[in-house]
Structures are given as C-alpha cells and as structure tokens.
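Notes for the one structure printed next.
Here the structure is a predicted model, which means the values were calculated and not measured.
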Amino acid sequence: MSGAAITIGPAVVGSMIAGYLFGCSTMQTYTYYKRFPGDRRVFQILVAVVMMLTFGHIICIMYWTWTLTVTGYENPDGVTIFSSSRDANIVLTPLISTLVQMFFIYRLFKFSGSRTVAAFCGILSILNLTGTLVDAAKALDIPTNRTTENAQNWLTILTLVAAAACDLVITIGLVYFLQRESRRTTVHQIHNIADRLTLWAIETGLATSMSSVLVIVFFCAMRNTFLWTAVYNVLADVYTNSLLAALNSRKTTRIRDTRVIEFSTGCDTPPEPVSEKPEAIN
C-alpha cells in the first residue's frame with residue numbers, strides 16, 4: 001500500500017466525515033434552541049460552549065488537512081502527523097468529551113442516586129482530560145521535525161482507555177438503572193419509555209465508546225500510519241452529536257405523558273403542556 005493511502009487518505013476521509021457530523025450537530029443545535037427556549041440555563045450554556053469548541057476543532061482539522069494535501073504537495077516526505085493545528089485539536093477533543101461525559105454522568109446520577117458510580121465515571125473522565133493535556137504539552141515541546149515515534153507512549157493509550165471505559169460504564173449504568181426502574185412499575189407507558197430511553201442510551205454510549213476503542217486499536221496496531229487519526233478526527237463530533245441527541249430526544253417523551261417527565265429526562269426539566277392532539281416532531 002502506497003504512502004499516501006495510509007497517510008493523506010485517512011486524514012482526508014476523517015476530515016470529510018467530521019465535516020458531515022459538524023453539519024449534523026449544527027442542525028441539532030438549531031433544533032435544541034427552537035424546541036427548548038426555556039430550558040435550564042446550564043444546559044443552554046453547555047450546548048453553546050460545546051458547539052464553540054467543536055467549531056474550533058473543525059477549523060483545526062481542516063487546516064491540518066490543507067497542510068497535508070496542499071502545503072505538503074511539493075514535499076511529500078515532509079508530511080507529518082504533527083503540526084500546530086493538530087496539537088490544538090488534541091487539546092480541544094478531550095475538552096469536548098469531558099463536558100459531554102459530565103452531562104451523562106449527571107444523568108446517570110439522577111437515575112441511580114449513586115454517588116460512587118458517578119464519582120468513578122468522573123475520575124475516568126478527568127483522567128482522560130488531564131492525561132491528554134499533559135500529552136499535548138509534551139508534544140508542543142518537541143521540535144517540528146518530530147515523527148510518529150514520539151506519539152508512542154503509555155500516556156496516550158491510558159487516556160484513550162480511560163475515555164472508552166468512562167463511556168462504557170455510563171452506558172451500562174444507564175441501561176441497568178433504567179431497566180431497574182422499569183421492573184419496579186406496572187404502568188405500561190413507563191415500560192415503553194424506559195425501553196426507548198434504554199435504546200437511546202445504548203446508541204449514544206456505544207457510538208462514543210466504540211469510536212474510542214477504534215482509536216486505541218489503530219493506535220496500538222498501526223500507529224505509524226494516519227489511520228488512527230482518521231477516527232480521532234471525528235471523535236469530538238461524535239460526542240457533540242450524542243449530547244444534542246440526548247437533549248433533543250426529551251421532546252419525544254414529553255408528548256407521551258407528562259407524568260413521567262422527570263424519569264424520562266433525568267434532567268429536572270419542567271414538563272410542557274400537552275395538547276389533546278398529537279404534537280408534530282420537527
């Protein structure tokens with residue numbers, strides 16, 4: 001396989017997918033502010049901050065892709081995974097993932113009431129953030145002629161494992177406590193909502209955790225290629241879309257039955273008036 005196929009190729013594909021996911025998150029952000037203009041201020045600020053960080057993340061990876069495909073065209077031997085924009089993205093991605101994970105940790109705490117589980121997930125999330133920032137700081141101290149060998153260290157793998165473990169624990173915890181609440185009630189509507197929320201928890205949780213696992217696999221097995229960066233490029237966008245999907249999904253449960261709002265959202269959001277006619281979902 002040619003050098004471009006394992007360097008520039010994955011970088012371009014990853015940037016294209018990240019751009020598509022950023023478009024999806026932009027649409028979801030518009031939907032969120034349109035549907036929930038009176039939502040809790042902390043959630044509105046969280047969405048705004050995450051989207052600003054995601055926008056910066058997109059700019060970084062687009063500029064990095066430009067340097068690979070255009071600036072590096074006349075000097076293909078000088079193509080490297082490291083650059084100032086790439087280093088900035090390494091900082092932005094864990095910031096986004098940590099903010100999103102904190103939201104889901106809060107939701108897990110509301111469902112479970114367990115401070116131990118929430119604290120454990122919080123430690124994993126902070127470990128991912130701290131380790132990645134330390135890794136990025138070390139990368140900034142390395143001269144510009146560095147190679148991919150500089151990325152081969154235990155700290156990088158540790159932070160990726162911590163992020164994947166945090167997402168898996170959150171997903172398993174949400175599924176367990178949702179099903180526990182479902183078994184405790186005989187109300188058919190609550191069973192249906194619990195099953196729906198369980199499916200959403202699995203979908204959003206597996207999307208983030210499996211993305212992290214893929215980065216670990218590619219980094220450990222083919223770290224001298226850019227394959228792992230292709231997945232890492234889209235990681236922040238996957239987290240952003242997971243957050244927005246979780247927030248926007250509350251509209252569906254609200255039009256079913258206002259009596260189970262607190263159970264269905266885990267976010268202490270007051271219920272909206274329900275019309276006798278079915279409400280259309282935009």
Side-chain angles (χ1 to χ4, degrees), residues 16-62 92-93 95-111 167 170-171 174 178 189-190 192-208 211 234-282:
M16 291 174 60
I17 297 175
Y20 169 77
L21 291 176
F22 179 71
C24 293
S25 62
T26 302
M27 294 177 61
Q28 287 206 76
T29 301
Y30 171 79
T31 301
Y32 168 73
Y33 284 111
K34 182 179 179 181
R35 286 183 175 179
F36 304 100
D39 203 7
R40 294 179 63 179
R41 182 61 60 86
V42 64
F43 294 143
Q44 293 182 344
I45 295 175
L46 174 63
V47 171
V49 171
V50 169
M51 280 303 298
M52 285 190 292
L53 292 175
T54 306
F55 180 65
H57 149 78
I58 286 294
I59 292 177
C60 289
I61 64 173
M62 291 301 178
L92 291 174
T93 297
L95 287 174
I96 295 169
S97 65
T98 299
L99 288 174
V100 175
Q101 285 172 342
M102 288 303 173
F103 168 80
F104 284 107
I105 290 171
Y106 170 75
R107 172 172 279 193
L108 176 61
F109 172 71
K110 294 295 294 183
F111 282 135
D167 293 332
I170 291 173
T171 303
L174 284 173
L178 280 169
Q189 283 182 310
I190 295 183
N192 291 338
I193 291 177
D195 291 339
R196 191 182 306 115
L197 289 172
T198 298
L199 179 61
W200 286 339
I202 293 174
E203 289 174 348
T204 56
L206 287 183
T208 55
S211 296
V234 306
L235 193 58
D237 300 278
V238 173
Y239 276 105
T240 301
N241 278 278
S242 297
L243 169 66
L244 292 167
L247 289 170
N248 289 332
S249 66
R250 296 176 296 169
K251 193 70 172 181
T252 302
T253 58
R254 276 181 173 154
I255 68 174
R256 302 294 181 182
D257 191 341
T258 56
R259 292 172 301 175
V260 291
I261 289 300
E262 185 174 353
F263 166 74
S264 64
T265 63
C267 296
D268 291 343
T269 306
E272 296 176 348
V274 178
S275 173
E276 292 183 359
K277 296 181 180 180
E279 180 179 348
I281 299 297
N282 295 327

* Check: L95 main-chain N/O paired with T98 side-chain donor or acceptor under 3.5 Å -> no
* Asked: Taking side chain as C-beta onward, heavy atoms only, is T29 less than 4.5 Å from V50?
  -> no
* Closest contact, heavy atoms only, L235 versus S211 -> CD1-CB, 3.4 Å
* Test side-chain contact (heavy atoms from CB on, under 4.5 Å) applied to M51 and T26, step by step -> CA-CA 8 Å; M51 280 303 298; T26 302; 4.0 Å; yes
* To do: Find the distance between CE (M102) and CD1 (I170) and round it off to the nearest 0.5 Å.
  => 8.5 Å
* Taking all heavy atoms of C60 and all of L92, pick out the closest pair and write down the distance. => SG-CD1, 4.1 Å
* Can you sort out the partners of F55 under side-chain contact (heavy atoms from CB on, under 4.5 Å), two or more places apart, ordered by chain and number? => F22, I59
* Asked: What's the shortest heavy-atom distance between S97 and Y239, and which atoms?
  -> CB-CE1, 3.5 Å
* How about Y33: does its OH atom have over 12 heavy atoms from other parts shown lying under 6.0 Å from it? -> yes
* Report the C-alpha distance between V42 and L46 in whole Å, list the side-chain angles of each, state the deciding distance to 0.1 Å, and finish with yes or no for side-chain contact (heavy atoms from CB on, under 4.5 Å). => CA-CA 6 Å; V42 64; L46 174 63; 5.6 Å; no
* Where the side chain of Q28 meets the backbone of A245, is there a donor-acceptor pair that is under 3.5 Å apart? -> yes
* Criterion side-chain hydrogen bond (donor to acceptor under 3.5 Å, both in side chains) on T54 and T240, from CA distance to verdict -> CA-CA 7 Å; T54 306; T240 301; 2.8 Å; yes
* Non-hydrogen atoms of A18 and V234 that approach each other most closely -> N-CG1, 3.7 Å
* If you round to the nearest 0.5 Å, how far is CE of M52 from NE2 of H57? -> 15.5 Å
* **Gap separating the CD1 atom of I105 from the CZ atom of R107, nearest 0.5 angstrom** => 13.0 Å
* Asked: If you measure from CZ on F104 to CG on D167, what distance do you get to the nearest 0.5 Å?
  -> 9.0 Å
* Nearest-0.5 Å distance, CG of residue L247 to CD of residue Q44 -> 10.5 Å
* Asked: Pick one: which of Y32, F36, F103 meets ring-ring contact (aromatic ring centres under 6.0 Å, His included) with F43?
  -> F103
* To do: Measure across S242 and T208 and return the closest heavy-atom pair with its distance rounded to 0.1 Å.
  => OG-CG2, 3.5 Å
* To the nearest 0.5 Å, what is the distance between CD1 (I58) and CG (L53)? -> 12.5 Å
